[in-house]
Undergrad: 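Following this message is one structure expressed as structure tokens.
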Amino acid sequence: MDIIEAKTIWGRWVKMLLLCLVGFLFAPLLLLLGYRRLRSIPEEDPNHRFLKYVLIYGMVLTLGLFGFLIWRFMPKDGENVQQVAWLPDLAKNVSYYRYPFHCEIYEYDISESHFKAMYAQEKLEEIKEPVTIRRYAARMDRAPEEMRTVTVKNGLCCFGKEEYISGVYSKEIVFDRDNGRVYFCSEREE
């Protein structure tokens, strides 16, 4: 269940509501009701021990779920990674900064023909004047200033906006023909 990759607004709503409902409402509520029931059962009763183990395992599972959700929605970055699961196998040498529901900035090496095939649904245009685009390092505090943007003079580009349940995102896609590198930047507009 990957909220970010949902294709329709309806799909995003359903997945988000299910996660919230299960993770943040039912699990703690069931643990609380189970604990109240445990206190009312005498310790000699065999059900007391069984319920105690169920509550312990439920608590571990709930904390694990919350930990996973927190980890899942934390920003992630990587530099010069050979491949990543969320891009096709043709994308090599990937550097990225991803913050779910906020921004996705990445760059990778690929041939021009594969780039055109990947972004066939986009309105790609030839670059006539130099285009400056933010790089993955723009969101990283430790990155030097010269790594935060790149200017491309020869290649293809596409600029636009996309609307999702979490907001409106500006989208920039630039292919640097001289280096065979794609620069992608999508950030939520405030």
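The chain is numbered in sequence order, starting from 1. Nothing here was measured: the structure is a model prediction, and the numbers come from that model.
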Undergrad: Hey, is Arg181 close enough to Asp176 for a salt bridge, meaning N to O under 4.0 Å?
TA: no
Undergrad: Salt bridge or not for Glu189 and Lys161, using N-O below 4.0 Å?
TA: yes
Undergrad: Against Tyr96, only a single residue in Tyr183, Tyr106, Trp86, Tyr136 fulfils ring pair (Phe, Tyr, Trp, His ring centres under 6.0 Å); can you say which?
TA: Trp86
Undergrad: With rounding to the nearest 0.5 Å, note down the distance linking CD1 in Ile173 to CE in Met118.
TA: 9.0 Å
Undergrad: Assess whether atom CD of Gln121 is packed by more than 12 heavy atoms of other residues, nucleotides or ligands within 6.0 Å.
TA: yes
Undergrad: Looking only at non-hydrogen atoms, find the nearest pair between Ala137 and Met147 and report the distance.
TA: CB-O, 3.4 Å
Undergrad: Given the rule that I, L, V, M, F, W and Y join up when any side-chain heavy atoms are under 4.5 Å apart, are Val94 and Val182 in one cluster?
TA: yes
Undergrad: Tell me, yes or no, whether the heavy-atom count around Lys153 atom NZ, taken from other residues, nucleotides or ligands under 6.0 Å, exceeds 12.
TA: no
Undergrad: Say whether Thr132 and Thr149, considering side chains only, have a donor N or O and an acceptor N or O under 3.5 Å apart.
TA: no
Undergrad: As an exercise, state the distance from CD of Glu126 to CZ of Phe175, rounded to the nearest 0.5 Å.
TA: 10.5 Å
Undergrad: Quick one: does Arg148's side chain have a donor or acceptor within less than 3.5 Å of a partner on Ala138's backbone?
TA: yes
Undergrad: Return the CG to CZ distance between Leu124 and Phe159, rounded to the nearest 0.5 Å.
TA: 11.0 Å
Undergrad: Is Arg134 salt-bridged to Glu107, going by a charged N under 4.0 Å from an acidic O?
TA: no
Undergrad: Kindly compute the distance separating CG (Leu156) from NZ (Lys123), expressed to the nearest 0.5 Å.
TA: 16.0 Å
Undergrad: Under 3.5 Å, is there a donor-acceptor pair between the side chain of Lys128 and the main chain of Glu125?
TA: no
Undergrad: Measuring from Leu90:CG to Ile110:CD1, what's the distance to the nearest 0.5 Å?
TA: 5.0 Å
Undergrad: Measure the acute angle between the ring planes of Phe115 and Tyr119, then classify it against the limits of 30° and 60° as parallel, tilted or perpendicular.
TA: tilted
Undergrad: Are Leu87 and Val174 connected into the same hydrophobic cluster when the rule is that any two of I, L, V, M, F, W, Y join if their side-chain heavy atoms are below 4.5 Å apart?
TA: no
Undergrad: Distance from Ser95 atom OG to Tyr108 atom OH, nearest 0.5 Å?
TA: 12.5 Å
Undergrad: Would you call Glu187 and Lys171 a salt bridge, using N to O less than 4.0 angstrom?
TA: no
Undergrad: Pick one: which of Lys76, Arg98, Arg188 meets salt bridge (charged side-chain N to carboxylate O under 4.0 Å, His left out) with Glu104?
TA: Arg98
